[in-house]
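Just so we're on the same page: letters track the sequence lines, and every chain starts at 1. Small disclaimer: the values here were computed from a predicted structure and weren't measured.
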There are 2 protein chains.
Amino acid sequence: MRFPWQQKQIVPTETSHNLTEELTRQGYRMTPQRMMIVDAIEHTENHISAEDIFRQVVAKYPNVNVSTVYRTLELLEKLGLVTKTEMGVGHIVYHPLEKGHHHHLICRECGNVVDLDESVLAPLKESLQQNYQFTADLRHLGIMGLCAECKQKSQNKTANG
Amino acid sequence: MRFPWQQKQIVPTETSHNLTEELTRQGYRMTPQRMMIVDAIEHTENHISAEDIFRQVVAKYPNVNVSTVYRTLELLEKLGLVTKTEMGVGHIVYHPLEKGHHHHLICRECGNVVDLDESVLAPLKESLQQNYQFTADLRHLGIMGLCAECKQKSQNKTANG
DNA sequence: GTAAATATTGCGACTAATTCCAACTGCAAC
DNA sequence: GTTGCAGTTGGAATTAGTCGCAATATTTAC
Ligand SMILES: [Mn+2]
Ligand SMILES: [Mn+2]
Ligand SMILES: [Zn+2]
Ligand SMILES: [Zn+2]
């Protein structure tokens, strides 16, 4: 198999971030593929989808395979470096935890998203630990529901219909 | 198109349950396909996967298509009659709400599942309503995390390794 | 150095779920 | 009755994601 960076001597930039450091520290190899994937994750403001990562990476190096993207994301998630969250039906995004811990309230009707500090989930997390000895993974939730406006509308519809 | 119940005069039993009543009440047609799908959901103890529903239905009527199963589940979910929950990675189950409201604590390591009364989530639901005017849909969650045993093991591993 | 063992990748096959469309059904209007 | 129309379905195509495996890359043992 012939890899493009062997022919072209192009090396991805930005190799000294936390994700990279943590991967190498734990004995994983920082391959060019992983560098580019990590780069894409760290250059996003907040969330990024697997497809977006793949598009960015494949734009530079067409040979990189989509399964490598998924495998790397799975590894980063296993190591607790990124979270995987469903933000609305079928819309899965990844979030690097070094960019802050928080949650999202997602309206099922209008799609509006409100951010939520992680402290709001702290009582639940504590309660599950105390009463069930269960360490819940509540780091980046997408909580579905109805915003005030859409709830109002749906109640009107029921009353009038 | 020729449907098997047209030839064989076989009509599914159990047509007077809550799901059926609610569908007809809201003006949806109770087709033989929907009867069989609803029948499968109501005869399960707790959870059922789309594939299991499809297998049960297709055993009686080979012509029924899998997309009809998914469409019916989507409809029932939209009407608030069943919930769709991920119980561990990629394992999606449906739960008829008439069979009770509760949640599940799922250990990421050993896969062990502990049931949780819905009252445990009530404070969070209330807090989101009060402070964010957001009506969260917290009816049948699969909360991932680590059970006490697996957490102990993972800590030992980190300490010794 | 070389050889063996391990980690990682690309690739193609596969799976669960969705989407599109033409065909079919049931109901109301005439 | 027939016609028109909205609701529903089957089937094929499509999609996101996973899996097994051989090829490649890197590390370890000697
Ligand atoms: Mn976020
Ligand atoms: Mn349940
Ligand atoms: Zn809304
Ligand atoms: Zn466990």
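Put simply, CZ on B:F54 is 11 Å from C1' on D:dG11, counting in whole angstrom units. C:dA17 atom P lies 10 Å from atom NE2 of B:H91, rounded to whole Å. The interatomic distance linking A:Y28 (OH) with C:dT8 (P) rounds to 7 Å, in whole Å. The distance from atom NZ of A:K78 to atom C1' of D:dT18 is 16 Å, rounded to the nearest whole Å. Taking atom CG on B:N63 and atom P on C:dT25, their separation rounds to 12 Å, with Å as the unit. Distance CG (A:L73) to C1' (C:dT8): 15 Å, rounded to an integer number of Å. In this structure, CG of A:L23 is placed 15 Å from P of C:dA7, rounded to the nearest angstrom. The distance between atom CE of A:M35 and atom P of D:dA25, rounded to the nearest whole Å, is 15 Å.
Side-chain atoms of B:Q129 and B:T135 form a donor-acceptor pair, as typed in the model, at a separation below 3.5 Å.
Not one side-chain nitrogen or oxygen of B:T68 sits closer than 4.0 Å to the OP1 or OP2 atom of D:dT8. Between A:Q33 and D:dA25 there is no side-chain polar atom (N or O) within less than 4.0 angstrom of OP1 or OP2.
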Sort me out a list of protein N/O and nucleotides 18-21 of chain C N/O pairs below 3.5 Å, or just none if empty.
none

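With sequence neighbours excluded, the residues that form a salt bridge (charged side-chain N to carboxylate O under 4.0 Å, His left out) with A:R55 are A:E51, A:D52. Taking B:E118 as the reference, B:H101 meet the side-chain hydrogen bond (donor to acceptor under 3.5 Å, both in side chains) condition, with sequence neighbours excluded. Annotation: side-chain hydrogen bond (donor to acceptor under 3.5 Å, both in side chains) contacts of B:S67 (sequence neighbours excluded): B:N65, B:R71. Judged as a ring pair (Phe, Tyr, Trp, His ring centres under 6.0 Å), and not counting sequence neighbours, B:H103 has no contacts. Among residues two or more places apart in sequence or in another chain, the side-chain hydrogen bond (donor to acceptor under 3.5 Å, both in side chains) test is passed with A:R139 by A:D137.
Each of B:A50 and B:R29 lies near DNA chain C, and the nucleotide nearest B:A50 is the one positioned closer to the 5' end.
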Output, in order, the C-alpha distance, side-chain angles, deciding distance and verdict of ring-ring contact (aromatic ring centres under 6.0 Å, His included) for B:H95 and B:H104. CA-CA 12 Å; B:H95 168 76; B:H104 300 283; 7.7 Å; no

